[in-house]
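Here the structure is laid out as C-alpha cells; the discussion comes afterwards.
Hydrogens, waters and symmetry mates are skipped; everything else that's a heavy atom, side chains included, is used.
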Amino acid sequence: QVQLVESGGGLVQAGDSLRLSCATSGRTISTLTMGWFRQAPGKEREFVGAHWSGSTTIYTDAVKGRFTISRDNAKNTVYLQMNSLKPEDTAVYYCAASLYILRRTSTSYHYWGQGTQVTVSS
C-alpha cells in the first residue's frame, strides 16, 4: 500500500509559478511510476505527466515546457513544478502511483492522493 498526500495548491495569477508536493508513505516509491493528473470542474480527469526511475518523464502536450516532475526518493516525495501558469490550468491536481511503467491512463494507477486545488486567475 502507498499513501499519497498532495500539498502546495493555491490561488495564483496567470504567469506565476507553483510547486506541488506529493508526500508518500507505506513503501518506497523508487520503482514506481509517479504520475500527476488534474480534473477541472465539469471535465474528466486528465493526465498531466509521469515520472519513472531516474529522470524518465512524459507530459501531456498542454504542459510540455512549462511543467516539470521530479522526485526525491530519499524523502519519498514527488514534485510538480508548474511555471507560466494559465487560467486553463485551473483544476484539482492529483498525485498517483502506478506499478506499471509510464502509463497515461488513470486506470493504470493503483494509488491516489486526495487532490489539491490550483486556481489560476487571469
Side-chain angles (χ1 to χ4, degrees):
Q1 283 281 18
V2 182
Q3 291 77 44
L4 310 171
V5 179
E6 302 95 335
S7 62
L11 172 63
V12 296
Q13 293 186 332
D16 284 352
S17 298
L18 205 58
R19 188 177 80 159
L20 305 183
S21 299
C22 174
T24 74
S25 61
R27 59 159 284 178
T28 179
I29 62 170
S30 60
T31 59
L32 300 178
T33 290
M34 300 303 298
W36 286 93
F37 290 77
R38 64 187 181 185
Q39 187 166 18
K43 295 187 177 181
E44 294 187 353
R45 190 170 299 187
E46 66 171 352
F47 173 78
V48 174
H51 183 286
W52 189 61
S53 178
S55 59
T56 306
T57 54
I58 55 174
Y59 300 95
T60 190
D61 287 346
V63 307
K64 278 182 183 177
R66 299 189 298 123
F67 289 14
T68 303
I69 298 174
S70 61
R71 71 166 77 189
D72 185 334
N73 287 331
K75 295 182 178 180
N76 276 336
T77 302
V78 182
Y79 305 97
L80 178 64
Q81 177 67 44
M82 304 184 293
N83 299 328
S84 301
L85 282 162
K86 304 175 181 180
E88 50 264 44
D89 295 319
T90 295
V92 177
Y93 282 73
Y94 297 91
C95 176
S98 174
L99 300 174
Y100 304 127
I101 298 175
L102 290 176
R103 300 294 179 92
R104 295 176 179 264
T105 56
S106 60
T107 53
S108 299
Y109 286 76
H110 303 85
Y111 308 102
W112 291 84
Q114 82 291 348
T116 185
Q117 176 71 47
V118 173
T119 303
V120 185
S121 64
S122 58

Quiz prompt | Side chain to side chain, Thr56 and His51, heavy atoms closer than 4.5 Å | solution = no
Quiz prompt | Aromatic centroids of Tyr109 and Phe37 separated by under 6.0 Å | solution = yes
Practice problem: Measure across Thr77 and Ser21 and return the closest heavy-atom pair with its distance rounded to 0.1 Å. | Solution: CG2-CB, 4.4 Å
Quiz item: Do you reckon Val92 sits in the same ILVMFWY cluster as Val48, going by side-chain contacts under 4.5 Å, direct or chained?
Solution: no
Quiz item: Nearest heavy-atom pair of Gly113 and Tyr94: which atoms, and what distance?
Solution: O-CD2, 3.7 Å
Quiz prompt | 4.5 Å side-chain heavy-atom contact, Arg19 and Asn83 | solution = no
Practice problem: Ignoring hydrogens and angles, tell me if any N or O in the side chain of Asn73 forms a donor-acceptor pair with the backbone of Asn76 under 3.5 Å. | Solution: no
Quiz item: So, for Trp36 and Phe67, is the gap between ring centers shorter than 6.0 Å?
Solution: no
Quiz item: Counting N and O atoms only, with roles assigned by atom type, does the side chain of Arg103 sit under 3.5 Å from a partner on the main chain of Leu99, one being a donor and the other an acceptor?
Solution: no
Quiz item: Taking C-beta and beyond as the side chain, do Tyr79 and Leu20 meet within less than 4.5 Å on heavy atoms?
Solution: no
Quiz item: What's the spacing between Gln1 CD and Ser25 OG if we round to 0.5 Å?
Solution: 10.0 Å
Practice problem: Determine, for Trp52 and Arg71, whether the Lys NZ or Arg CZ falls below 6.0 Å from the six-membered ring centre while staying within 45 degrees of the axis. | Solution: no
Self-check item: Heavy-atom pair with the smallest gap, counting every atom of Ser108 and Ser98
Solution: O-OG, 2.7 Å
Exercise. Locate the shortest heavy-atom distance separating Ala50 from Thr33; write the atom from each residue and the value.
Key: CB-CG2, 3.9 Å
Quiz item: Per the side chain to side chain donor-acceptor pair (under 3.5 Å) rule, which among Gln39, Arg38, Gln117 passes with Tyr93?
Solution: Arg38
Quiz item: Would you say Val78 and Ile69 make side-chain contact, with heavy atoms under 4.5 Å?
Solution: yes
Practice problem: Count the heavy atoms belonging to other residues, nucleotides or ligands that lie under 6.0 Å from CD of Glu44, then report whether that count exceeds 12. | Solution: no
Quiz item: Can any side-chain N or O of Thr107 pair as donor or acceptor with the backbone N or O of Thr105 at less than 3.5 Å?
Solution: no
Self-check item: Joint cluster assignment, Leu80 & Phe47, ILVMFWY side-chain distance < 4.5 Å
Solution: no
Quiz prompt | Student check: side-chain heavy atoms of Met82 and Val118 closer than 4.5 Å | solution = yes
Quiz item: Taking atom CD1 of Ile29 and atom CG of Leu4, what is their separation to the nearest 0.5 Å?
Solution: 8.5 Å
Quiz prompt | Side-chain donor/acceptor of Glu6 to backbone N/O of Cys95, under 3.5 Å | solution = yes
Quiz item: For the atom pair CD1 (Ile101) and CD1 (Ile58), what is the distance rounded to the nearest 0.5 Å?
Solution: 11.0 Å
Quiz item: Any donor and acceptor pair, going by atom type alone, linking the side chain of Thr90 with main-chain N or O of Thr119 inside 3.5 Å?
Solution: no
Exercise. State, to 0.1 Å, how close Pro87 and Ser122 come at their nearest heavy-atom pair, and which atoms those are.
Key: CG-CB, 3.8 Å
Practice problem: Might you point out which heavy atoms bring Ala91 and Ala40 nearest each other, and give the distance in Å? | Solution: CB-N, 3.8 Å
Self-check item: Close side-chain approach of Tyr100 and His110, heavy atoms under 4.5 Å
Solution: yes
Practice problem: Considering only NZ, NE, NH1 and NH2 on the basic side and carboxylate oxygens on the acidic side, decide whether Asp61 and Lys64 come within less than 4.0 Å. | Solution: yes
Quiz item: Is the shortest heavy-atom distance from the side chain of Thr68 to the side chain of Tyr59 under 4.5 Å?
Solution: yes
Quiz item: Would you say Leu32 and Met34 make side-chain contact, with heavy atoms under 4.5 Å?
Solution: yes
Quiz item: Can you tell me how far CZ of Arg45 sits from OG of Ser106, rounded to the nearest 0.5 angstrom?
Solution: 7.0 Å
Quiz item: For the side chain of Arg66 and the backbone of Gln81, is there at least one donor-acceptor N/O pair under 3.5 Å apart?
Solution: no
